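No experiment lies behind these values; they were computed from the predicted model shown.
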Amino acid sequence: MASKEELLAKLSECVVEMEDEEVVDVAKEYIEAGYPAFDGIMDGLVDGMNKASELYDAEEYFVTDVLLCSDAMYAGLDVLRPYLENTDDQAKKKAVIGVVEGDTHDIGKNLVKIMMETAGFEMYDLGRDVPLDQFIEKAKEVDADLICMSTLMTTTMGGMQTVIEKLKDQGIRDKFKVMVGGSPISKKFADDIGAEGYSVNAVEAVKVAKELTGIA
């Protein structure tokens with residue numbers, strides 16, 4: 001029987017290689033061996049998606065390749081998700097997430113959303129090219145704990161600060177923690193605009209989100 005590490009490596013490889021049928025078999029083997037579903041998702045499927053994103057950033061993969069990788073990841077998720085330990089829905093932290101207005105790049109945002117969902121967050125995905133007021137409206141509507149914004153373009157970074165200023169203008173800045181990310185975003189930029197959280201990748205985003213919302 002394959003070891004946990006071997007199966008995790010295989011799950012990751014299936015995602016990178018876009019094997020949406022093989023990943024189902026490997027995921028089933030992983031579960032039948034009694035290994036934790038959460039690890040399979042994070043250290044297997046998501047690890048593979050991270051590698052696919054790196055290949056995309058290095059211009060070795062195209063958008064179509066990344067989409068096929070995500071198809072494989074979702075196929076594996078369908079197998080593993082039912083075996084996740086149940087969490088109390090009442091205790092779930094809520095996060096609104098989206099790509100700021102003017103930017104249509106959403107691969108990174110989608111990865112963060114999946115990982116945060118897997119980690120137990122209730123996610124409200126606004127999509128890409130999101131009007132700035134919509135972040136605030138949705139956060140108020142669902143009583144969110146977090147507002148998560150991303151961009152891959154320097155020209156749209158200012159929108160993140162605008163959202164924070166709008167929260168201040170409405171007198172509700174203290175109601176929400178704000179987390180920002182994306183390749184042009186830095187810790188200094190996040191600090192300068194007054195965001196509580198910043199992450200360099202999807203794995204870090206989950207850690208930061210947990211810290212900001214007090215999840216152990």
Side-chain angles (χ1 to χ4, degrees), residues 1-58 60-61 64-97 106-125 144-146 148 150 179 181 197 199-216:
M1 188 173 72
S3 69
K4 180 182 177 182
E5 288 69 28
E6 288 171 335
L7 290 172
L8 289 174
K10 191 64 178 172
L11 286 170
S12 177
E13 182 186 331
C14 284
V15 172
V16 175
E17 298 297 330
M18 313 167 212
E19 299 285 355
D20 60 335
E21 293 183 5
E22 186 179 352
V23 74
V24 170
D25 295 332
V26 177
K28 287 178 180 176
E29 183 181 350
Y30 179 88
I31 287 298
E32 287 165 5
Y35 300 128
F38 182 80
D39 293 350
I41 293 171
M42 301 298 274
D43 300 330
L45 301 176
V46 170
D47 179 73
M49 201 63 213
N50 274 330
K51 289 175 180 173
S53 297
E54 288 169 6
L55 289 168
Y56 175 75
D57 290 340
E60 293 181 39
Y61 270 17
T64 48
D65 297 317
V66 175
L67 291 174
L68 289 170
C69 291
S70 68
D71 286 345
M73 181 186 64
Y74 279 117
L77 273 174
D78 287 343
V79 175
L80 298 179
R81 221 177 225 154
Y83 295 93
L84 285 172
E85 292 181 15
N86 290 327
T87 55
D88 182 3
D89 286 343
Q90 294 301 111
K92 277 191 176 182
K93 298 295 184 180
K94 300 175 183 177
V96 170
I97 191 169
D106 63 357
I107 292 171
K109 181 270 296 176
N110 291 341
L111 190 52
V112 170
K113 174 200 167 190
I114 291 165
M115 291 190 65
M116 287 182 65
E117 279 181 338
T118 302
F121 285 87
E122 188 172 333
M123 301 300 294
Y124 295 87
D125 186 3
D145 299 280
L146 273 174
C148 306
S150 73
M179 191 165 80
S199 65
V200 294
N201 56 42
V203 175
E204 184 69 19
V206 173
K207 294 177 184 175
V208 173
K210 284 185 172 185
E211 289 171 2
L212 291 178
T213 55
I215 297 176

Engineer: Output yes when a side-chain donor or acceptor of S12 lies under 3.5 Å from a complementary backbone atom of L8, and no otherwise.
Structural biologist: no
Engineer: So which heavy atom on A37 is nearest to which on I31, and how close?
Structural biologist: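 For A37 and I31, the tightest heavy-atom pair comes out as CB-CD1, 4.1 Å.
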Engineer: Kindly say whether P36 contributes a backbone atom to a donor-acceptor pair with the side chain of Y30 at under 3.5 angstrom?
Structural biologist: yes
Engineer: Taking the side chain as every heavy atom from C-beta outward, state whether I114 and L77 have any pair of such atoms under 4.5 Å apart.
Structural biologist: yes
Engineer: Minimum heavy-atom separation for L80 and A27, please, with both atom names.
Structural biologist: CD2-O, 3.9 Å
Engineer: Show the nearest heavy-atom pair for residues V15 and A72, with the distance to one decimal.
Structural biologist: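 Minimum heavy-atom contact is CA-CB, 4.0 Å.
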Engineer: Checking side-chain contact (heavy atoms from CB on, under 4.5 Å) for the pair M49/V66: CA distance, chi angles, key distance, verdict?
Structural biologist: CA-CA 8 Å; M49 201 63 213; V66 175; 3.5 Å; yes
Engineer: Please name the pair of heavy atoms, one in G120 and one in K92, separated by the smallest distance, quoted to 0.1 Å.
Structural biologist: O-CG, 3.2 Å
Engineer: Answer yes or no: is there a donor N or O on one side and an acceptor on the other, between the side chain of S70 and the main chain of L67, under 3.5 Å?
Structural biologist: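 Judged by distance alone, yes, a pair lies under 3.5 Å.
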Engineer: Assess the residue pair D125 and K109 against the criterion (side-chain contact (heavy atoms from CB on, under 4.5 Å)); give the C-alpha distance rounded to whole Å, side-chain angles, the decisive distance to 0.1 Å, and a yes or no.
Structural biologist: CA-CA 9 Å; D125 186 3; K109 181 270 296 176; 2.9 Å; yes
Engineer: Once rounded to the nearest 0.5 Å, what's the spacing between atom CE of M179 and atom CG of D145?
Structural biologist: 12.0 Å
Engineer: Working to the nearest 0.5 angstrom, can you tell me the gap between M123 CE and C148 SG?
Structural biologist: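 M123 atom CE to C148 atom SG measures 5.0 Å (nearest 0.5 Å).
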Engineer: For the pair D43 and K4, find out whether any cationic side-chain nitrogen is under 4.0 Å from an anionic carboxylate oxygen.
Structural biologist: no
Engineer: Taking all non-hydrogen atoms of both residues, which atom of V23 and which atom of A75 are closest, and how far apart?
Structural biologist: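 Reported closest heavy-atom pair: CG1-CB, 3.9 Å.
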Engineer: Applying salt bridge (charged side-chain N to carboxylate O under 4.0 Å, His left out), name anything that partners K94, two or more places apart in sequence or on another chain.
Structural biologist: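 Here no residue qualifies.
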Engineer: Quick check: closest heavy atoms across C14 and V26, and the distance to 0.1 Å?
Structural biologist: SG-CG2, 4.1 Å
Engineer: Any non-hydrogen side-chain atom of I107 less than 4.5 Å from a side-chain atom of L111?
Structural biologist: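 In short, these two side chains do not touch, never coming nearer than 4.5 Å.
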Engineer: Between K10 and E19, does a salt bridge (charged side-chain N to carboxylate O under 4.0 Å, His left out) hold up when you go through it step by step?
Structural biologist: CA-CA 10 Å; K10 191 64 178 172; E19 299 285 355; over 6 Å; no
Engineer: Output, in order, the C-alpha distance, side-chain angles, deciding distance and verdict of side-chain contact (heavy atoms from CB on, under 4.5 Å) for F121 and L146.
Structural biologist: CA-CA 10 Å; F121 285 87; L146 273 174; 4.2 Å; yes
Engineer: Run the side-chain contact (heavy atoms from CB on, under 4.5 Å) test on L84 and I41 for me, step by step, so that the C-alpha distance in whole Å, both residues' side-chain angles and the decisive distance to 0.1 Å come before the verdict.
Structural biologist: CA-CA 10 Å; L84 285 172; I41 293 171; 4.0 Å; yes
Engineer: Answer whether the closest heavy-atom distance between the side chains of L68 and Y61 falls below 4.5 Å.
Structural biologist: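 They are not in side-chain contact.
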